[in-house]
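Below you'll find the structure, written out as structure tokens, and then a few comments.
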Amino acid sequence: MNKTFVFLIITLMTLCSCQKENSSLLLCGDGYRYWYENGKDKSKVLIHYFDKDGQWLLFEGHTMGFNHTGYDMSLLERGEWNLSKENNIEISHKKYTVICMEPSLIVLQKEGEKAQHSLSPMKEEDIPDNYKMLWK
């Protein structure tokens, strides 16, 4: 019974480690990823940048052009991000619970608030060239 218990503990630790690694890969890919947060004003969006080194940037994006393709982006805030084992993420010293983390959607809830933040991945063509691979 002791060997079974040790095996179970090692398996659980490995799964927790894999979960964090998979979540991190989903969040920032091999290098970086941009996620946008839709609000009521469709001409402005909040754009979150996560990179593999733990850097987080928050931009306000304004749609460009007649077709609303691409964004003109202004930096609002910069900080760091870190995933914990308890299905939480800390972004710029603010704690969020991860409600959902999938390739097409991340839902976060800030500690102490009821509102949820839904993030969707940005298309590569919507990211201005001068913002790709920031601060590498």
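Hydrogens, waters and symmetry mates play no part in the numbers below; they use all other heavy atoms, side chains included. Position 1 is the first residue of the sequence; numbering continues from there. Small disclaimer: the values here were computed from a predicted structure and weren't measured.
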For residues [X] and [Y], report the shortest heavy-atom separation together with the two atoms involved.
| X | Y | result |
| --- | --- | --- |
| Glu102 | Trp35 | O-CH2, 4.0 Å |
| Pro103 | Pro121 | O-CG, 3.5 Å |
| Cys28 | Phe50 | CB-O, 3.5 Å |
| Ser92 | Arg78 | OG-O, 4.1 Å |
| Leu83 | Ser24 | CD1-N, 3.5 Å |

Looking at side-chain heavy atoms only, is the closest gap between [X] and [Y] below 4.5 Å?
| X | Y | result |
| --- | --- | --- |
| Leu105 | Leu119 | no |
| Leu57 | Ile47 | no |
| Trp81 | Gln55 | no |
| Asn88 | Val98 | no |
| Asn82 | Ile89 | no |

Completion exercise
The reported gap from OH in Tyr32 to CG in Asp51 (rounded to nearest 0.5 angstrom) is 10.5 Å
Handout entry: ILVMFWY network linking Val45 to Val107, side-chain heavy atoms under 4.5 angstrom
Key =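 Different hydrophobic clusters.
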Exercise for the section: Output yes when Lys94 and Glu113 qualify as a salt bridge under the 4.0 Å nitrogen-oxygen rule, no when they do not. Expected result: no
Practice task
Test side chain to side chain contact (heavy atoms under 4.5 Å, CB included) on Ile106 and Ile99 and set out the steps.
Solution key: CA-CA 8 Å; Ile106 294 176; Ile99 306 297; over 6 Å; no
Exercise for the section: Keeping the roles fixed (side chain from Arg33, backbone from Tyr49), state whether a donor-acceptor pair exists under 3.5 Å. Expected result: no
Problem - Verdict with supporting geometry, Lys52 and Asp30, side chain to side chain contact (heavy atoms under 4.5 Å, CB included) - result: CA-CA 7 Å; Lys52 67 179 181 177; Asp30 290 333; over 6 Å; no
Problem - From CA spacing to verdict: side chain to side chain contact (heavy atoms under 4.5 Å, CB included), Leu46, Leu76 - result: CA-CA 9 Å; Leu46 291 178; Leu76 297 177; 3.8 Å; yes
Practice task
Decide whether Glu37 and His48 meet the rule of one side-chain donor and one side-chain acceptor closer than 3.5 Å.
Solution key: yes
Exercise for the section: Decide if atom CD of Glu80 counts as having more than 12 heavy atoms of other residues, nucleotides or ligands within a radius under 6.0 Å. Expected result: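 No.
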